[in-house]
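Quick note: numbers below take in every heavy atom, side chains included, and nothing from hydrogens, waters or symmetry partners. Numbered from 1 within each chain, the chains take letters A, B, ... in sequence-line order.
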Amino acid sequence: MQMTAEEKDTNRVATESNATREIFLPPERERVKDGGTPHVSAKNFSVFYGNFEAVKKVNADILSRYVTAIIGPSGCGKSTFLRAINRMNDLIPSCYTSGSLLFDGEDIYGRYTDEVQLRKKIGMVFQKPNPFPKSIFDNIAYGPRLHGVKDKKALEEIVEKSLQKAALWDEVKDRLDRNALGLSGGQQQRLCVARTLAVEPEILLLDEPTSALDPKATAKIEDLIEELRGSYTILIVTHNMQQASRVSDYTMFYYEGDLVEYAPTKQLFTNPRDQVTEDYITGRFS
Amino acid sequence: MAEATATGGKKSEAFVLSPEKLRRQRITKFIGEGVLLAVASFVAIVVLFIFYFVAVDAIPFFQQRGFVEFFTSTGWYPADEPGEFGALAIIYGSGMVTMGSALIAVPLGISAAICLSDVLPFSVRQYAKPVIEMLAAIPSVAYGFFALVIFAPLLQNYGGPILMWAWWLIAGPFVFLAVIVVGDLLTSKGGDGSKRKIVRIVLTGALAFLATLFLYWVGQTLFAIQILSGTNALNVSLILSFMALPTIVSVSEDSLQAVGRELREGSYALGATRAETIVKTVLPAASSGILAAVILGIMRALGETMVVWMASGNSSHIPEPWFNYLDSIRTLTATIAGDMGEADQVTGSERYHVLFAMGLLLLVFSFISNLVSERIVLRQRKILSGE
Amino acid sequence: MNLGTRKILDRSFTAVGITSILLMAAALLVVVVPIFSGGIGAIFFKGTIEHRKIQYNEFEKGSRKVIDRQIAEVTPYRQEVYRILDAFEADMETMEPAEKRDYLSKYKKVRDIVAHLLGPIPGDPEPILLRYQYGTTRWEKAEESLHDLMFVTKWDYSNPEEMAKQYFVPRADEFAGTALAALFPYMEKNLDKMLLPEQTFYWGFLTERSLDAHIFGGIWAEIQGTFFLAVGAMLFAFPLGVIAAIYFTEYARENFFTSVLRSANSTLAGVPSIVFGLFGLAFFINTIKVSDSKSVLAGSLTLAIMILPTIIRAAEEAILSVPRAYKEASMGLGSTKWRTILTVILPAALPGIITGGIISLGRAAGETAPIIFTAAVSVGATIGVADVFTQPTPALSWNIYNLASEHEAANEIRHVQYGMVLSLISIVLLLNLSAILLRAHVSKKLKG
């Protein structure tokens, strides 16, 4: 599966089910450095809640350092799939999986997998901003402290760097000791991104990160995703199709648990291959 | 951004563990959860211990004296040689004050709960709730002190007038309400509009006159009553009802809240008034929860010690006539509290064991009531959630 | 039914509901207000010179000079009383035996009241009990005694249909024509000059030990005992309760065993408090013998068991009310479950847990039945912290019962009882109030 992007324009990385489709890397000028390798690969991967199959036998590769959007109507399994990647579904007692889901070639649901270490590498930002009721500093430092960083200097450095990456540093640098709940919704969400970045993940999972925000704050988050593209593999679940087309390189469309279509974003939105996809993106149902 | 973590760069922090590390992790987790479980089971162990240790000291009594005397005789002379241990009057006394407090607390508590859940706006409710919490927080011995030192002398000196005023204030409004309703019902058929109206006014007036006579007659009868001792079943029942009220109100209110808006809106939409909606729709749906509330409230009254010990008069006999709430009585809890002081010196005597027998009786009763109310609440929750 | 009637019914329905709430509020006031006003009297009252003498002699409070001066001030007035008494006694010696016998019992009553008011009469042997070594310390009590001195209480049994009626006859009539007759107007006129009542703030009521079984002195021993018992109970119950709540909310799987554990919890909550007392006696004292007989330790353990279900329930509720999002965020950052609980969930739930703890503390402080057989004694000095493992203690709740129901002079020391009840209620209500405020503050803070 290991292939380098520079060799060819037509680098096939996915998929077998849902009829064979080819995914193309973007044109040269939009490509990211060292990216494009399969970072997470699903093979016949299903998620069940009790008897209900919420995600049905998905086969797909998520490419490293690109932004992949996941769209689809409510209840189609898109969030479930996202949460399966860092095993957040473990918190739901009746949830189990079948098939395999690989991260860097290792099975996420393998016998020897430590979900705690896994979540460190695969960070997640949630639908509603969920800062802890602590100071801004403590929020960011929470992760590094968990993983053993105790030195105050080092912590300060990490906090500053993470906040800068999340484009929040200038707004909060004077009040790092204030309660994070005092920030605006958009700032809280960027704080959550910064908090996730502070543990240096490889993958960022964004679960409808802007659904609770106003348009101005949404634009800021989208800018942030643009900034982070190329450094992290980003998966973003979104209800908003304009958002998907604006921020992502690739788009997955889920419908009733099936991965219906997975293609470069431009292609999916301009020339969908599947009738259901077309109906959805043209707004015939939602 | 270039310095960001390289994909798969740090293999040292692999998320896949070696088998022995995993085993170690599992063992730690197992031990940790085991400790938590042990602590959580502590309560269950305590319950078993309570049953065991109370029963162990209660059984010798029944072995020596059997059940018949304890449950059927009213002769309570534990200090005599040989002693008599007939607890019937004491059990009756417990039942009497429990029933009395329930008669006061249940209607009052349920209407207060309805008021809190359906009538009062949220801003008022915020102030009503602390009142109930305070009522629940006052220690039982303070209620006992109030009953003995403040209320009992009042009842003894002004018993008749107090009873009369209570009768007028409580029964008066209800009787007149009944008069209006009966007048309405009797004239709801036949006749044309204006004629019927006149008939109704005349009929209602006549009924109201009769009702006033009735109220006055009962009031005067009550006024003439002289209470010999203020420490009696009425005093205790009233104070116990204060103590049972918070439980009844809060559990009933939860149950009423659990009945959703939809049901209420459905009824309003059909043109029902608030009273009709609550009585005909909400109360039936919440009835099992309210029943559980009543059971819990009654248990609080039955298990209460200090008030009855201080203010019931502690005389072990069945009142004459049997419903005479103005007579002194004695209850199980007060007997345990009061007699242990003398019985304790001779640990192992019949007198010591009979008190544990009473404790066992209370314990079994509270256990059964708890199970029943728990089942009722569970069932209601299931029905309301549509299973 | 007629629409008008329906409307009336609806209105009265609302009225009944609101009336019942008002009745509950009224019940609260009716109970609390008299206790409050009575209890204030234990601290704020008109104290006589006798009160100041006790304060100086027993607790070394007040100044010698002032007391000496006041004693000098009252002595001439008192001397006159003693002179009248002596004169009458001398008269009695000259009377016929029958007449003398008749006067003797009546005179003894007068003499007792005078001694009760002013302290031992000069020439009498020094009394052993402290209560007879001083006169009346509180002015309103002195006025009651004065009334007893001035009038004889009689009962009218003339109407057998009704209860006997009380009426008063002036005592001076009994001694008309004797030397003692002068005593009554003199006492009535000069009592305040003999006792010098002054408005007194007696804070020592809360901080001083009791003298002669609460006839004089304060209630420190009871306050301290209540503190030991309640705090001891919390030391056992709080950690256990919180840990059990963590298990129930975060670890327990929904199965039969868990439902049994939950049932056990509600069963324990419903056990009558006196049965906890029986259990404490049978188990802690008679079986595992944590102490030879009653002790603070045994009482605390018994109370701990009693408040455990409340703490567990409150902690469970507090933990469940922590937003799931916090937990997800922490887990999403690669935290273990245990660290998530320790660093995120417990801190966020802490105010709720503490609220439950405070309310339980109040309950432990107020309960009487569980400590009757396990920890409480009616009289006793304050105990040291080291004694809690072996010694019983007086406690507010128990001593309220004891003083009101079993004390030989229960009617004489109503003010002490009121003071104790007020202290206990204040402790409990203040704890509850702080819990209510804490809860309101936190819910406001969580809303942002």
Taking all non-hydrogen atoms of both residues, which atom of C/Asp10 and which atom of B/Ala275 are closest, and how far apart? OD1-N, 2.7 Å
Side chain, backbone, both or neither of [X] within contact of chain C (heavy atoms, under 4.5 Å):
X        : result
B/Phe356 : both
B/Ile336 : both
B/Ala55  : neither
B/Leu48  : neither
B/Leu135 : both
B/Ile50  : both
B/Arg200 : side chain
B/Leu371 : side chain
B/Phe53  : both
B/Ile114 : side chain
B/Val56  : neither
B/Val131 : both
B/Val124 : neither

When [options] are compared by non-hydrogen pairs under 4.5 Å with chain B, the top option:
options                                : answer
C/Trp338, C/Phe279, C/Tyr401, C/Phe283 : C/Tyr401
C/Asn432, C/Leu431, C/Leu429, C/Ile312 : C/Leu429
C/Glu367, C/Arg11, C/Arg414, C/Lys7    : C/Arg414

Portion of [X] that has a non-hydrogen atom of chain B nearer than 4.5 angstrom:
X        : answer
C/Ser273 : both
C/Tyr418 : both
C/Leu23  : side chain

Between B/Tyr52, B/Trp309, B/Phe49, who has the most heavy-atom pairs with chain C when the cutoff is under 4.5 Å? B/Trp309
Option in B/Arg300, B/Lys129, B/Glu276 with maximal non-hydrogen atom pairs under 4.5 Å from chain C: B/Glu276
Cation-pi check for C/Tyr251 against C/Lys337: NZ or CZ below 6.0 Å from the six-membered ring centre and within 45 degrees of the axis, yes or no? yes
Within the 3.5 Å criterion, strictly below it, is a donor on B/Glu253 or B/Ser117 matched to an acceptor on the partner's side chain? no
